[in-house]
Amino acid sequence: MTGPLVEGWSPGPARDEEHGEMDVELATEVCTGRITGHGAHVLGWAPAGAEPVIWLSSQAVFSPDAAIRGGVPVCFPWFGSGRSGSLSPAHGFARLSSWRRVSMTDDRGVVTVVHELDPAVAGGPEFPFDYRAVLTARFGEQLDIGLAVTNSGAVPFSYEAALHTYLAVRDVTGVSIEGLDGATYLDKLTGQAQRQEGSVTIGGEVDRVYRSDADVVVVDEAGGRQITVSKENSASTIIWNPWVEKARSMSDFGDDEWRSMVCVETANVGDAAITLDPGMSHRMVARINVDRFGPGAPECT
Ligand code: TA6
């Protein structure tokens with residue numbers, strides 16, 4: 001195939017009944033991918049011949065007023081309920097807003113889609129600032145996602161951001177997450193500050209905000225592959241799995257789906273929030289690669 005099979009491509013915030021926002025779905029000789037203008041939300045990616053790397057709930061809701069469960073939600077201009085603990089919607093307004101598609105390019109099967117958030121449609125009293133936010137998703141043998149924020153106003157502002165990446169694994173109970181050894185973290189389940197010793201494993205609900213700029217490797221033994229999340233300009237890494245009870249409590253999350261996913265989020269939150277003086281910009285990048293390992297690696301379907 002010489003160029004992307006792109007359905008639903010149209011410049012500007014197009015909408016359709018099923019998804020709310022028109023998706024870009026692509027399939028090239030290099031990879032498959034999907035992104036929607038609702039939240040500039042990456043919904044899927046896999047290198048050609050590989051199983052999906054980005055996880056999406058079978059119960060995800062696609063509507064203008066809903067956050068999509070799975071993919072790579074763009075959390076901006078705050079994370080959770082913000083540093084004050086009182087802001088809503090959760091994870092900021094960006095993932096609930098219609099972003100404008102400004103370009104799509106295909107370079108020998110590597111497809112780059114750029115979206116921009118208009119402060120005229122995405123803002124409010126909790127974030128009364130002039131800004132420009134651009135989300136660039138490059139679908140190739142690796143997935144690159146960049147969030148660039150510019151202060152286009154006359155006063156400084158601070159913001160939190162996260163690329164809240166849901167990764168697909170065969171069985172999270174057999175996963176080990178490398179790269180965070182020695183890093184301090186806030187355990188959001190207990191409110192306690194801790195220091196990571198060795199690998200991160202998942203044997204219950206995990207919700208941790210690490211202070212780390214290191215690459216993270218998710219070793220999925222059952223899936224016979226490892227997924228690497230590397231990053232630029234990100235001082236926070238969040239690891240989340242809801243486990244059984246929390247998964248059951250979410251209507252947009254299948255009861256047993258906790259086993260097939262883990263979030264490795266590329267972020268700047270809390271005391272790693274970004275402050276921009278007028279005219280300044282900041283660009284945070286998440287870079288995702290997948291490698292199969294071992295001679296017995298199951299054939300990717
Ligand atoms: O990133 C982890 C987290 O902050 C968890 O506390 C959990 O709330 C998760 O995000 C999902 O948040 P959401 O608002 O998408 O349901």
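A quick note: this is a predicted structure, and the numbers were derived from the prediction, not measured.
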Looking at Ser176, is its backbone amide N or carbonyl O close enough to the side chain of Thr201 to form a donor-acceptor pair, meaning the two atoms are under 3.5 Å apart?
no

Which residues share a salt bridge (Lys or Arg N to Asp or Glu O under 4.0 Å) with Asp252, sequence neighbours left out
Arg69

A side-chain contact here means heavy atoms from C-beta on lying under 4.5 Å apart; do Val229 and Thr266 qualify?
yes

What's the shortest heavy-atom distance between Arg95 and Gly92, and which atoms?
CG-O, 4.3 Å

Main-chain N/O of Ile227 paired with Asp291 side-chain donor or acceptor, under 3.5 Å
no

Do Trp45 and Thr32 have side-chain N/O donor and acceptor atoms under 3.5 Å apart?
no

Would you check if the distance from the ring center of Phe62 to the ring center of His38 is below 6.0 Å?
no

Check ion pair Arg170-Glu51 (N to O, under 4.0 angstrom)
yes

Looking at Phe76 versus Tyr131, is the centre-to-centre ring distance below 6.0 Å?
yes

Any salt bridge between Glu232 and Arg283, counting N to O under 4.0 Å?
no

Exactly one of Tyr159, Phe157, Trp78 should register a ring pair (Phe, Tyr, Trp, His ring centres under 6.0 Å) with Phe127. Which one does?
Phe157

Whether Asn151 side chain and Val155 backbone form a donor-acceptor pair below 3.5 Å:
yes

Using ring centroids (six-membered ring only for Trp), state whether Tyr166 and Trp258 fall under 6.0 Å.
no

Is any NZ, NE, NH1 or NH2 atom of the basic residue among Asp215 and Arg287 found under 4.0 Å from an Asp or Glu carboxylate oxygen of the other?
no

Under a 4.5 Å side-chain heavy-atom rule over Ile, Leu, Val, Met, Phe, Trp and Tyr, are Leu143 and Ile238 clustered together?
no

Glu160 side chain to Phe79 backbone, donor-acceptor under 3.5 Å
yes

Measuring from Asp130:CG to Ser152:OG, what's the distance to the nearest 0.5 Å?
5.0 Å

Check for a donor-acceptor pair, side chain of His164 on one end and backbone N or O of Ala267 on the other, with a separation under 3.5 Å.
no

Is there a continuous path of hydrophobic side-chain contacts, each under 4.5 Å between heavy atoms, that joins Met250 to Met261?
yes

Around atom CZ of Arg83, are there more than 12 heavy atoms of other residues, nucleotides or ligands at under 6.0 Å?
yes

Side chains of Ser251 and Gln59 only: does a donor on one sit below 3.5 Å from an acceptor on the other?
no

